[in-house]
Structure formats: C-alpha cells, structure tokens
Chemist: 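Below: one structure in structure tokens.
Note that this is a predicted model, so its numbers are computed, not measured. In the text below, chain A, chain B and the rest are named by the order of the sequence lines, each starting its count at 1. Values below: all heavy atoms of this structure, side chains included; hydrogens, waters and symmetry mates excluded.
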Protein chains: 2
Amino acid sequence: MSDYDNSPYSRREAPLDLASVFLGPKGENADVFERLLLEAFRDHVFWRRNYHPEDGFRVVESEKHQPGYENSISTLSQELMGLLGELKAGVPFFSPRYIGHMTSDLTMASMIGYFATMLYNPNNVASEASPVTTRMELEVAAQLARMIGYEPSRHWGHLTSGGTVANYEALWVARNVKYLPVAVRWAAEQMEMKNLSVRLPDGTAAGLDELDLWRLLNVAPADALDLAAAFRDRVGDAYQAVHAMAAHSLEGMGYQEFGRRLAQVYGDALGPAVVLVPSTAHYSWEKICRSLGIGGAQLIHVPVDKRFRMDPSALEDTLRTRAEKKQPVIACVSVIGTTEESAVDRLDQIADVRDRLARELGIGFYLHADAAWGGYAASLTRNPDGSRRVYEEVLRDYSPEVWPEEGVYNGLCAMERTDSVTIDPHKLGFIPYPAGAVSFRDGRSRDLVAVEAPYLFHRGASEWGYIGRFIFEGSKPGAAAASVWMSHKALPLDARGYGKLIGETARGALVLHRRLSAGDWGEFRVVPLPTPDMNIVCFAVGHPTLATLEDTNDFVSRIYGAMSVSDARSARTLDYFVTKTELRQPEYGDSAMPTVESLGFSREDYHRAGAVAVIRCTVMDPFLASGRGNVDFIGGFARTLRTVFEQELAVRP
Amino acid sequence: MSDYDNSPYSRREAPLDLASVFLGPKGENADVFERLLLEAFRDHVFWRRNYHPEDGFRVVESEKHQPGYENSISTLSQELMGLLGELKAGVPFFSPRYIGHMTSDLTMASMIGYFATMLYNPNNVASEASPVTTRMELEVAAQLARMIGYEPSRHWGHLTSGGTVANYEALWVARNVKYLPVAVRWAAEQMEMKNLSVRLPDGTAAGLDELDLWRLLNVAPADALDLAAAFRDRVGDAYQAVHAMAAHSLEGMGYQEFGRRLAQVYGDALGPAVVLVPSTAHYSWEKICRSLGIGGAQLIHVPVDKRFRMDPSALEDTLRTRAEKKQPVIACVSVIGTTEESAVDRLDQIADVRDRLARELGIGFYLHADAAWGGYAASLTRNPDGSRRVYEEVLRDYSPEVWPEEGVYNGLCAMERTDSVTIDPHKLGFIPYPAGAVSFRDGRSRDLVAVEAPYLFHRGASEWGYIGRFIFEGSKPGAAAASVWMSHKALPLDARGYGKLIGETARGALVLHRRLSAGDWGEFRVVPLPTPDMNIVCFAVGHPTLATLEDTNDFVSRIYGAMSVSDARSARTLDYFVTKTELRQPEYGDSAMPTVESLGFSREDYHRAGAVAVIRCTVMDPFLASGRGNVDFIGGFARTLRTVFEQELAVRP
C-alpha cells in the first residue's frame with residue numbers, strides 16, 4: 001500500500017461497519033470504549049509511576065484521611081455529580097432524533113485519543129512542549145493536503161481552534177501577498193536593486209520597476225512569492241531581505257502609513273481592495289474583513305444560483321466590473337458545503353473564470369475554499385492509494401442513490417486549484433471541538449505571517465521545532481492533534497473511510513428530502529429547497545390560512561420553537577430536534593424565488609418580508625436511512641412534524 | 001456565605017490539601033480519578049440508553065462478530081496502543097523535575113470535567129447547541145470579573161482558545177473604540193443631528209461637532225461608549241443608529257476608505273496611531289498589531305525597570321512625546337506576569353499616569369492588562385466573601401517568605417482600573433488547553449465587534465442565546481467551559497483556593513532563587529535575575545574560561561540543550577528539565593545590565609552580543625519547596641546543574 005494509507009495495523013478486507021466507529025445512540029459500544037478509556041488512563045498512571053520511581057510518593061495513604069484531603073475529594077465528587085446532573089439538560093446530539101445543528105456523535109477514536117493525550121497535556125505551540133503531538137499535527141495536515149490534492153512537499157498546513165481562525169489566517173495571508181509586490185518594489189528601490197522581473201497574470205514577464213500600481217496589485221499569489229524569493233536571492237542575506245520587505249510592507253507599516261505612502265507615490269488612483277464571497281458565505285467573513293482592516297463594506301457578495309452555489313457568470317461580471325473600476329480583488333472565497341444548505345460551489349468553473357480573466361484582463365487574486373463543512377467529502381474522490389477515483393466509480397459507491405452530482409464531484413476535485421482551504425475536523429470529521437484546519441498550497445505563504453525572521457529558526461532548532469511562529473494562535477491542545485490523528489487511523493481519508501461515512505449521511509439527507517417532498521401534509525404545503533449537494537435539508541412550510549409571507553415565516557419560527565431547546569423547553573420534552581434559518585432577500589436574491597413561489601407568494605412579498613424562513617435539518621447520522629435497528633426515524637420525524645404543524649396552527653395568535 | 005463563594009457543597013473548615021487537587025506525580029490519586037472517570041462515562045452511557053428507550057439498538061451483540069466490525073475495533077485498539085506508546089516519548093510535565101515551560105499537572109476537576117462534557121460535545125457558539133455549558137462559560141467569566149474587581153452587572157467576558165485570541169479581541173475593541181467618536185460624528189452629520197455632547201479626558205464636556213481630529217481621537221473609552229449610547233438614544237431606533245455608526249466606522253469602511261476620508265476632512269495632520277507595550281511583552285503582540293492593520297512598526301516598546309516591570313516614568317515620557325507629535329495612542333498594554341520573568345507591572349502607577357496625563361494633556365486611551373500568566377494570582381487578594389484582603393493579611397499567608405512584595409500586590413489589585421484583562425485558565429488555572437479568557441469592564445464593548453445588529457438579538461432569544469455574535473471565534477468546546485467551571489469549584493478564586501496554590505508555587509521559586517544565589521558553583525558564576533515577582537526564576541551562567549559574552553551565551557545554550565527535549569534527546573534520558581530565553585538588548589536595554597555586569601561584561605559587550613542568554617525555570621509545582629515526600633528536588637536540581645556545567649564546559653568546541 002502506498003504512503004497515503006497511514007495505518008500499519010489495518011486489515012481492511014471487509015467493508016468497514018460504520019456502527020463500530022461511534023459509541024452509539026444506546027451506548028452499544030460502551031464496553032469497548034470503557035476498556036480503552038481505562039487502558040489509556042492506567043497506562044498513563046503507570047508511566048508516571050515508572051518515571052524516577054525513586055522519587056517516592058507525595059501523598060501517602062494515611063494522609064488521605066486528613067480533613068483537608070477528605071473535604072477536597074468530597075467536594076470534587078459532589079461537584080462532579082452536580083455537573084453530570086446539569087449536563088443531562090443538554091441536547092442528545094448522539095440520537096438519530098437530533099437533526100438540527102452541525103453536531104452529532106463523535107468517533108470513539110477521536111474521544112479516546114483526546115482524553116489519552118489530555119493526561120499528558122502537550123502544547124503544540126512548540127515541539128519542545130509537544131514532541132509527539134506537533135508531529136501528529138503536521139501529519140494530519142499533510143493527510144488533509146493530500147486529500148485536497150496539494151503537493152505534499154510544497155504545502156503548509158496546521159490545526160486551528162476552528163473555521164473562523166482558519167479562514168482568518170488564510171485571508172491574512174491573502175491580504176499580505178496582495179501587497180507584497182509593492183513591498184518588494186520599495187525595498188528594491190531603497191537598495192538600488194534593478195531589473196527584478198515578475199510574472200504577470202497573462203503569463204508574460206515584466207520588470208518590477210515598470211509596473212503601475214494596478215499591475216503591482218494584480219500579480220498572482222505564486223508569482224508574488226516567486227518575486228520575494230528572487231529578491232531574497234539577490235540580497236543574499238535572507239535576514240536582511242526579510243527585514244527590508246517587512247519595513248515596506250502593509251503588515252509592517254500598518255494600513256495608515258502604507259496608504260499614505262501609496263497615495264504619495266501613486267496618487268489617489270485605485271478604489272478600496274475587496275473580498276468576494278458567495279451570498280451564502282458564513283457570517284464570520286464579515287468579522288474577518290472588519291478586523292483585518294479590509295472593512296465590512298469591502299466584502300462583496302456574489303449572487304448564487306438556484307442550487308445556492310456561487311454563480312460563475314455572476315463572478316465573472318463582478319470581476320469585470322471591479323477591473324473597470326480599478327478595484328483590486330484581494331481574494332475570492334468559494335464555499336464547499338454552505339452552512340445553511342450544504343451547497344458545493346462549482347469551484348472548477350470558478351477556477352476557470354480566474355484563469356481566463358487572468359489572461360484576458362490581466363487580473364490576479366487569491367482563491368480560497370471555505371470547506372469548513374464540506375472538506376472531508378473530498379475523501380470520497382480518493383482511492384486507498386491516494387489516486388483519484390473517477391466519477392463513475394464514486395457514483396457506484398452510493399447506488400441506488402444518484403449521488404454525488406457530477407458538478408459536486410468536480411467542485412470537490414477542484415479544491416486542488418485553490419491557494420488555500422479551510423477544513424474543520426470538528427464538523428464532518430466527527431471529532432471533538434476544537435479542531436479546525438487550514439492548508440496552503442504554497443508553503444512559503446507562512447513567511448508572510450511569521451513573527452521572527454526565518455534565520456533565527458535555523459539556529460539549532462529543527463524545521464518543526466516551533467510551528468507557533470507561523471500560526472496566528474499560540475498555545476493549543478496537542479490533544480486535538482492526537483484526536484484527529486486517531487480518527488484518521490480509524491477512518492482513512494478515502495472512499496472506504498470518511499468517504500463512506502459522509503456518503504451515508506448524504507444518503508439519509510436524500511431520503512429525507514424525498515419523504516418531505518412526497519409526504520401527506522394535508523392542507524399544509526411543505527416546500528423543500530432543491531436537492532441538497534450534501535447532507536443538509538431545508539424546507540419552508542405554508543398553509544392556506546397563512547395569508548402573508550410574514551405570517552408564514554412566523555409559523556416556521558413557531559415550528560422551530562416547538563422542536564428545539566430553549567430556556568423554556570428542555571431536551572427531555574422533545575421527540576425530534578431541528579433548527580431554522582432565513583434566506584434573506586439582500587443576500588439570496590433570486591435564488592430563493594422558487595421557494596417563495598411554491599409557497600404561493602410573489603417577488604414583491606419576498607422583498608417586503610425581507611426573508612423566507614426555513615426549517616433546517618443537518619443529517620450527520622450515517623444510519624438515518626439504513627433500516628438498521630427497528631425504528632423508522634424519517635417516518636417518525638414526518639409524523640411528529642405533522643403533529644407540530646397542526647398544534648402550532650391551532651394556537652397561533 | 002456571599003455569592004462570591006460558588007460552591008454549595010463545600011466544607012472548608014480544614015485548610016485545603018493541595019495534594020488532593022492533582023493526580024500526583026506518582027498517580028497517588030489514581031483511585032479517585034478512575035472512580036470519577038468511570039462514573040462520568042457510565043452516567044453518560046446510561047443517559048443515552050434512557051433517552052427514548054423504545055428506539056432499540058443499532059448494533060446487536062451478534063453483529064459484533066462480523067469481520068467489518070471486528071476489524072474496526074481491532075484497528076482502534078491497536079492504534080490506541082500505538083498512540084500510548086508514542087505519548088510516552090512526551091515530556092513529564094507532572095513531575096517536580098520539570099521546571100521548564102509553563103506546563104504542569106492539571107487539576108483533576110478540570111480533566112474529569114473536560115472529559116465528562118466532551119462526551120456530550122456541546123458547542124458554545126450558541127446556547128441552543130450548549131444550553132448548559134454556555135451558562136457555565138458566562139459564570140466563570142463572571143467569577144474572573146469579580147476576582148479582577150469589575151462590576152459584575154456591567155462587565156462582559158468569555159472564554160477563548162487562548163491568550164493570543166483574547167488579547168486580539170481586546171485590541172480589536174480598543175481600535176474600534178478609538179475611532180468611534182469619528183464614526184458618531186460623521187453619522188450625526190449625515191443625520192443632521194446637532195448638539196451631541198462628549199466628555200473630554202480633562203473632565204469637561206464639549207460639543208462633538210466642535211472637536212478637532214486630535215481631540216476626537218482622545219476621548220476615553222467609557223466616554224466614547226457613552227457618546228454612542230447618547231447617539232442611539234437620540235436616533236430612537238437602535239437598528240438605524242447602529243447601522244449609521246457602522247457605515248461611518250473604521251471596521252465598516254476599512255482602513256483604506258476611512259483613511260482617505262480622514263485625510264479629505266481633516267487634512268494630513270496626525271501621525272499613525274500606536275500601541276504601547278512593555279519591552280517584555282509577548283511576541284504575539286506583534287502578530288496582533290500586524291494583522292489588525294495597525295502595523296508592526298506602530299507597536300512601541302516602553303522600557304522596563306531592573307525588575308522587568310514597565311517603567312511608569314518611561315511610559316509618561318512616551319505619552320508626552322506622542323502627544324507632542326500628535327500621534328494618537330490606541331492602547332497601552334500592561335503585563336501582569338511576564339512570560340520570561342513573571343514580572344508584574346506596577347499597574348497602579350500606570351493607571352495613575354493615565355489619569356494624570358488625561359487631566360494634564362487631555363489624552364485618552366484604552367488600558368489593557370495582559371494577565372495571561374499572572375491573572376489568577378489576583379485570587380490571593382480576595383477573601384472567600386469576595387472582599388479584598390489587606391496587604392498585611394496576604395503577607396501572613398505566605399510567611400515565612402516575604403511575598404508578595406507590596407508593589408506586586410498593588411499591581412494585582414489595580415487590574416480593576418483597566419478597560420480589559422486577558423487571563424488564561426490554561427496557564428495558572430492548571431486547566432487543560434484550550435482555555436483563555438478575556439474580560440471587559442464595560443459590557444457595551446462587545447457591540448463594537450458584534451456582527452449583527454443588537455435588535456435581532458431580542459427577537460425571542462434570551463440575552464445568552466447566541467454569544468458567538470460578540471466573539472471573534474465561532475464554534476468552541478463547551479467542555480472547556482465545564483472544565484474551568486469544575487476547577488473553580490475545587491479551587492475557589494480566593495486566598496484559600498487558587499491564591500494558596502499560586503502562593504505555594506511562588507514559595508518554591510523563592511527557595512530555588514536563594515539556592516541558586518547561594519550555591520557552591522566552584523569556578524562557575526551563577527547569576528540569577530532579581531527576585532521574581534511570581535514563580536519564574538531565570539539565571540545566567542559564566543565561567544572564567546568563557547572570555548566573551550557570546551561564548552557565555554553559547555554555553556547557556558548548551559546547558560539548555562542538555563536539559564531539554566529535542567529530536568536528539570528524549571525525555572527518558574533527562575533528570576531535570578529547564579528552558580532558555582534571551583534578554584535581547586534592543587528590547588531589554590538597561591534592565592539587563594546588572595546581569596551582564598555580574599557576569600563580568602560591559603555595556604559594549606552587551607551591545608555587541610545583542611543579548612544575554614539565561615536559563616529559565618517555571619515553578620508550577622506547589623510542593624517544590626515543601627519538604628513533602630522524601631526527595632529534595634531543589635538540591636537535586638542544583639547537583640544536576642553543577643554536573644551539566646562541568647560536562648558541557650569539558651566538551652565545548
């Protein structure tokens with residue numbers, strides 16, 4: 001087997017039984033879990049005991065009967081009982097009855113791996129505080145990069161606390177690389193260095209000192225990094241080169257001084273630089289643009305099509321308009337698995353637009369995939385040896401469903417054409433919080449956010465000695481790295497492992513979608529959004545007596561209220577759990593019109609109401625539609641829905 | 001007992017035995033830990049089993065003998081054995097022999113609380129996904145705020161993945177509040193609103209439209225928030241008001257447009273806004289200033305005194321110079337417990353400087369305490385009922401040591417005078433990663449980083465319904481909140497609990513410091529830095545044959561290499577563990593001169609070498625100097641040091 005399969009011990013002749021991977025809704029695998037938990041704990045205790053055994057004991061048994069000790073242990077035991085009591089007011093994410101938020105049961109491998117490692121408390125800020133788990137973090141980052149299709153020897157990637165920080169770091173890199181050619185130009189001028197050459201988006205080369213500001217701000221990311229490398233080579237001393245670039249860079253000077261100098265040198269020519277996201281992008285992109293100083297107003301929402309995927313022709317229009325206005329584009333963000341609909345952008349077509357307009361208009365920008373939700377689905381395109389499965393093979397895996405659509409497959413495969421990707425193991429990796437991840441195609445990206453000059457780095461320390469230097473966050477749990485590492489052992493990142501798991505969740509979503517579309521709802525009108533790309537099913541609900549879209553939206557809110565936890569409603573009283581979202585008119589535009597019309601409302605109604613509310617069901621249980629066990633949860637959910645509809649209609653104000 | 005004591009079950013007549021709080025270096029408390037671990041696990045399994053018991057089982061016993069199941073469990077078991085084997089190459093942080101980085105054994109309460117809650121997998125982004133642990137997060141944030149001395153009913157605080165993100169969020173708020181009066185001014189002009197009044201730093205009031213840019217950028221944070229509130233009141237509609245301010249704000253417009261408009265309206269008058277930190281500040285402050293767009297060059301290092309505390313008179317000089325140059329100060333950051341020396345800034349004197357120069361020069365800025373390391377030490381200033389202990393009482397607690405110094409006590413108490421504080425539970429809270437925390441004195445601060453208008457918030461959801469809206473990060477582990485919550489139950493945030501624990505670590509550091517100062521080092525010269533404020537001891541090492549400071553620094557590096565883990569040196573081969581740092585001349589300036597001179601070198605030597613290297617010992621074991629058990633670890637450490645000195649001198653190149 002190739003390097004792609006990282007499990008030396010695995011025997012995978014028989015297809016994996018996914019029920020063996022989780023603790024199970026009835027704790028079916030509690031015996032295994034408990035055995036391994038105890039094994040991990042005792043193993044750790046004996047490790048402590050065997051470390052300098054001559055050191056003797058700190059607490060001897062007789063001291064344990066002193067009041068200062070006994071009281072403390074009593075408090076601990078009692079407070080734990082209190083905590084366990086409180087936790088039972090929590091939400092049964094493990095149950096097939098929970099199809100609300102993006103939360104579910106976790107892999108046993110990830111939980112046991114987390115706990116076993118937490119006992120050792122490694123800190124992945126530096127390998128000196130985590131010799132084992134820093135290596136694991138880099139291993140899982142390399143696994144994710146291979147799944148994406150990045151060249152393992154050139155990429156850079158690591159874990160983060162979650163998708164927000166991963167996306168933040170990617171856009172931070174994108175911002176810095178956008179202004180890098182300006183910094184190199186100014187640094188070169190100061191050093192009186194001439195004849196630096198840079199590759200332009202159309203493939204031609206030009207002298208750096210010949211470029212106007214517009215062209216400086218349209219050098220493609222890889223070319224900007226090549227330019228910086230050429231500058232370093234010419235300077236000779238890497239330390240001096242890095243400091244010279246930093247002194248002339250946006251991140252070194254700050255926006256205020258950098259902007260002042262741009263205006264002095266180039267006049268007030270260009271509009272503010274923008275970031276493009278699909279209308280479906282997560283709200284955290286606004287936080288990110290605001291805090292990076294790019295500005296919330298410079299976050300441009302590109303319209304999506306009726307499948308909630310970024311519309312490539314709308315993207316092209318947006319790029320043409322920005323080019324005409326001479327507004328540089330810092331980055332285009334594509335979403336692989338939207339938070340609301342699990343829509344997978346046609347990233348292949350988006351990358352085509354980028355490549356075509358680079359040649360035609362000479363524009364260059366950074367392309368990032370926010371695959372926080374959908375990234376793990378790329379595993380279904382991989383054979384155990386890491387090669388790509390062709391579409392027909394993938395299709396066969398999920399028969400009799402016709403899934404994934406070819407466009408979804410192509411979108412997943414095209415992640416390899418991006419500059420960076422965010423993937424959250426704590427979402428479709430079924431791994432405990434906190435575990436986000438970011439991967440960069442070009443490992444040199446990390447120098448753009450590094451806090452110390454690289455030369456310091458080679459003073460004795462190995463390459464992986466101090467990864468914290470290249471990462472926004474500082475201290476972070478080595479346990480999270482071990483957790484992901486263990487889970488990837490149990491479920492490899494290919495069609496047999498995560499691919500199978502995620503495919504089964506999509507199968508459940510498709511069956512649910514059909515059931516909702518074809519159900520007997522009496523006078524109620526259940527309007528599902530179009531077939532989901534992955535595993536999130538949304539639907540609106542109308543009724544003849546709900547005369548306006550506003551009333552209809554309120555009714556959906558009431559259904560949601562009756563099927564979710566709140567101050568007033570505890571989990572114990574609920575049979576099924578859903579969540580809710582709104583397709584807001586300013587962002588969703590025409591893409592929501594089929595839903596609005598199926599409810600019997602018009603474009604004017606939609607504009608007036610401002611949004612159409614939908615119930616949202618995230619399917620993370622791979623057995624929802626399997627017939628395993630003796631309960632038809634989809635049927636039960638439909639019956640509960642109907643009851644709730646009627647109850648809420650009866651009591652509405 | 002007052003509300004401050006949050007443990008309904010506690011019986012605290014006998015002084016707490018700190019040995020009962022940890023698993024122990026020999027796993028002395030393994031029996032208790034194992035019992036509670038199993039309790040938590042089984043309790044969770046039976047919760048699952050009792051949830052809709054009619055749902056039946058997903059895996060029945062007979063299926064467990066199928067190859068697809070058996071192989072999977074075998075893989076899991078085998079990979080866990082592999083993980084456990086790998087982890088043993090980790091570092092024995094639990095041992096008294098480990099006095100390197102800021103890592104140690106953790107409280108049992110925090111580990112069991114973390115594990116118990118991870119089984120439920122709550123996500124604190126929204127209370128709907130974490131009805132229990134979101135409440136716990138807000139509870140522990142309120143406990144930290146009370147310890148600091150903030151008004152509980154007015155503060156806002158939450159957990160983060162760590163100190164970097166906590167500091168980042170604080171400076172993000174500081175940046176936005178700095179430019180808030182400009183945004184209100186422009187929003188008011190657009191609405192043709194007149195006669196808004198604002199309080200100036202000297203205590204007088206002025207009309208907002210009368211102020212020049214310099215005065216607009218010197219409104220104190222609380223006064224800027226009052227101004228925004230007054231604007232909202234005048235507008236009437238909160239939604240409209242918030243949107244109007246956002247449209248004219250730095251975070252809304254972005255630095256590029258905001259700067260352009262500032263220049264248009266006010267000309268090119270003011271220098272770039274700066275952030276002040278002591279020379280000892282953590283390197284992450286540079287990351288933070290770069291990424292927020294403030295610029296690395298706008299991070300001003302204020303000199304420290306010979307105890308490595310920010311020099312208040314140097315701060316005053318810096319502020320006067322900046323005021324003369326008309327450079328606004330976004331924030332001044334004070335460090336409570338430096339990463340390298342555990343120095344506690346005289347925050348009381350820093351706050352005095354702020355207040356005096358506000359009156360005298362009319363300058364206003366944000367004051368933040370980076371108490372990531374030292375924050376928990378404020379617990380020693382608190383009685384169980386939450387009242388302050390006077391200094392003499394505190395002194396008595398740690399007798400016969402004369403600790404803390406009165407200046408340290410005053411610095412800790414003065415945290416209540418700041419605008420925000422970062423405190424990391426995963427440092428001196430002895431809680432697993434990831435657990436940072438940030439507290440804001442004024443809860444309205446959070447509106448400056450919120451992504452949706454507050455009005456949405458009150459549509460049915462309770463105040464704590466969706467805290468993710470006010471927080472940089474999104475998904476985060478509810479387990480971390482439960483972990484901190486449990487640990488605060490076991491060890492209250494007062495002199496009996498965390499105060500006692502931290503005081504005992506300081507006692508160990510003081511004994512170690514004396515031992516190093518008075519040891520028999522033969523021809524070696526061991527030069528400790530001055531008595532630490534808390535629990536980190538650093539020392540340089542010289543020898544007559546080490547003729548230059550460069551040679552001496554290299555020798556210290558070799559000692560460090562011999563007493564730390566690396567690719568080449570596994571933990572198993574080491575008897576004691578230390579780490580190393582450098583007092584770099586550009587940052588440390590004169591504060592390191594006593595050390596340099598004691599080594600027999602001059603100011604010129606220091607400038608030439610660029611730094612003086614020191615061994616750094618972080619004492620987190622509360623029993624290091626207690627005589628508990630039968631090993632004298634400080635004596636053993638000194639003997640090992642002497643041996644290492646001789647070995648390394650003999651083999652040096």
Chemist: What option among B/I294, B/V21, B/I73, B/N123 has the most heavy-atom pairs under 4.5 Å with chain A?
Modeler: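 So the answer, after comparing B/I294, B/V21, B/I73, B/N123, is B/N123.
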
Chemist: Where on B/A273 is there a heavy atom nearer than 4.5 Å to chain A: the side chain, the backbone, both, or neither?
Modeler: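 It is both, since atoms from each part get that close.
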
Chemist: Quick one: of B/L119, B/D55, B/T117, B/L36, who has the most non-hydrogen atom pairs under 4.5 Å with chain A?
Modeler: B/D55

Chemist: So what's closer than 4.5 Å to chain A heavy atoms on B/F41: side chain, backbone, both or neither?
Modeler: side chain

Chemist: Let me know if B/E39 has heavy atoms under 4.5 Å from chain A in its side chain, its backbone, both or neither.
Modeler: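 The answer is both parts of B/E39.
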
Chemist: Out of A/C289, A/P25, A/S291, A/A479, which one racks up the most heavy-atom pairs below 4.5 Å with chain B?
Modeler: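 Of the candidates given, the most pairs with chain B belong to A/S291.
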
Chemist: What part of B/H282 lies closer than 4.5 angstrom to a heavy atom of chain A: side chain, backbone, both or neither?
Modeler: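 Nothing of B/H282, per the 4.5 Å heavy-atom cut-off to chain A.
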
Chemist: So which of A/V449, A/T103, A/L38 has the biggest tally of heavy-atom pairs under 4.5 Å with chain B?
Modeler: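 Going by pairs under 4.5 Å, I would pick A/L38.
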
Chemist: State the CG-CZ distance between A/D43 and A/R48, to the nearest 0.5 angstrom.
Modeler: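 It comes to 12.5 Å.
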
Chemist: By side chain to side chain contact (heavy atoms under 4.5 Å, CB included), which residues pair with B/S95, not counting sequence neighbours?
Modeler: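 Once residues adjacent in sequence are excluded, the partners of B/S95 under the side chain to side chain contact (heavy atoms under 4.5 Å, CB included) criterion are A/Y51, B/P92, B/R97.
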
Chemist: Check whether any side-chain heavy atom of B/P432 sits under 4.5 Å from a side-chain heavy atom of B/L106, and report yes or no.
Modeler: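 The answer is yes; the side chains approach within 4.5 Å.
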
Chemist: Only pairs of heavy atoms separated by less than 4.5 Å count here; which of A/N124, A/D424, A/L292 has the most with chain B?
Modeler: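 So the answer, after comparing A/N124, A/D424, A/L292, is A/L292.
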
Chemist: Check whether any side-chain N or O of A/E473 sits under 3.5 Å from a backbone N or O of A/S161 as a donor-acceptor pair, and report yes or no.
Modeler: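 Pair found, side chain donor or acceptor close to backbone of A/S161.
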
Chemist: Salt bridge check: are B/K64 and A/E28 linked by an N-O gap of less than 4.0 Å?
Modeler: no

Chemist: Apply side-chain contact (heavy atoms from CB on, under 4.5 Å) to residues A/F93 and A/H101 and explain how you reach the verdict.
Modeler: CA-CA 9 Å; A/F93 299 128; A/H101 283 286; 5.5 Å; no

Chemist: Who among A/T160, A/V32, A/L37 has the most heavy-atom pairs with chain B under 4.5 Å?
Modeler: A/L37

Chemist: With only heavy atoms counted, which part of B/K476 is less than 4.5 Å from chain A, the side chain, the backbone, both or neither?
Modeler: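 Just its backbone gets close to chain A.
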
Chemist: To the nearest 0.5 Å, what is the distance between CD on B/E251 and CH2 on B/W172?
Modeler: 8.5 Å

Chemist: Sort A/E54 into side chain, backbone, both or neither according to what part of it lies under 4.5 angstrom from a heavy atom of chain B.
Modeler: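 Its backbone and side chain both get close to chain B.
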
Chemist: Going by an N to O cut-off under 4.0 Å, is there a salt bridge joining A/D105 and B/R58?
Modeler: no

Chemist: Which one wins on heavy-atom pair count under 4.5 Å against chain A: B/G56, B/G561, B/G252, B/G259?
Modeler: B/G252

Chemist: With a 4.5 Å cut-off on heavy-atom pairs, point out which of B/G162, B/P53, B/S475 contacts chain A the most.
Modeler: B/S475

Chemist: Return the option, out of B/D575, B/V45, B/L84, B/T164, with the maximum number of heavy-atom pairs under 4.5 Å with chain A.
Modeler: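 Result: the option with the highest number of such pairs is B/L84.
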
Chemist: Report the relative orientation of the aromatic rings in A/F94 and B/H44; use parallel for angles under 30°, tilted for 30 to 60°, perpendicular for over 60°.
Modeler: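 Answer is perpendicular, since the angle exceeds 60°.
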
Chemist: Of the listed residues (A/M111, A/E286, A/M102), which shares the most heavy-atom pairs with chain B below a 4.5 Å separation?
Modeler: A/M111

Chemist: Between A/F57 and chain B, with a heavy-atom cut-off of 4.5 Å, which part of the residue counts as in contact: side chain, backbone, both or neither?
Modeler: both

Chemist: If every non-hydrogen atom of A/M108 is compared with every non-hydrogen atom of A/S20, which pair is closest and at what distance?
Modeler: CE-O, 3.3 Å

Chemist: Can you spot which of A/P131, A/P477, A/S130 makes a side-chain contact (heavy atoms from CB on, under 4.5 Å) with A/P122?
Modeler: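 Of the listed residues A/P131, A/P477, A/S130, the side-chain contact (heavy atoms from CB on, under 4.5 Å) partner of A/P122 is A/S130.
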
Chemist: I'd like to check the ring pair (Phe, Tyr, Trp, His ring centres under 6.0 Å) partners of B/F258; sequence neighbours left out, ordered by chain and number.
Modeler: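 Counting only residues at least two positions away or on another chain, B/F258 forms a ring pair (Phe, Tyr, Trp, His ring centres under 6.0 Å) with B/Y179, B/W186.
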
Chemist: So which of B/F46, B/F633, B/Y168 has the largest heavy-atom pair count under 4.5 angstrom toward chain A?
Modeler: B/Y168

Chemist: Under 4.5 Å heavy-atom distance to chain B, tell me which part of A/S557 shows up: side chain, backbone, both or neither.
Modeler: neither

Chemist: Any non-hydrogen side-chain atom of A/Q298 less than 4.5 Å from a side-chain atom of B/Q256?
Modeler: no

Chemist: Is chain A contacted by the side chain of B/F472, its backbone, both, or neither, given a heavy-atom distance below 4.5 Å?
Modeler: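 Both backbone and side chain of B/F472 come within 4.5 Å of chain A.
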
Chemist: Among A/E257, A/M486, A/R42, A/H52, single out the residue with the greatest number of heavy-atom pairs under 4.5 Å to chain B.
Modeler: A/H52

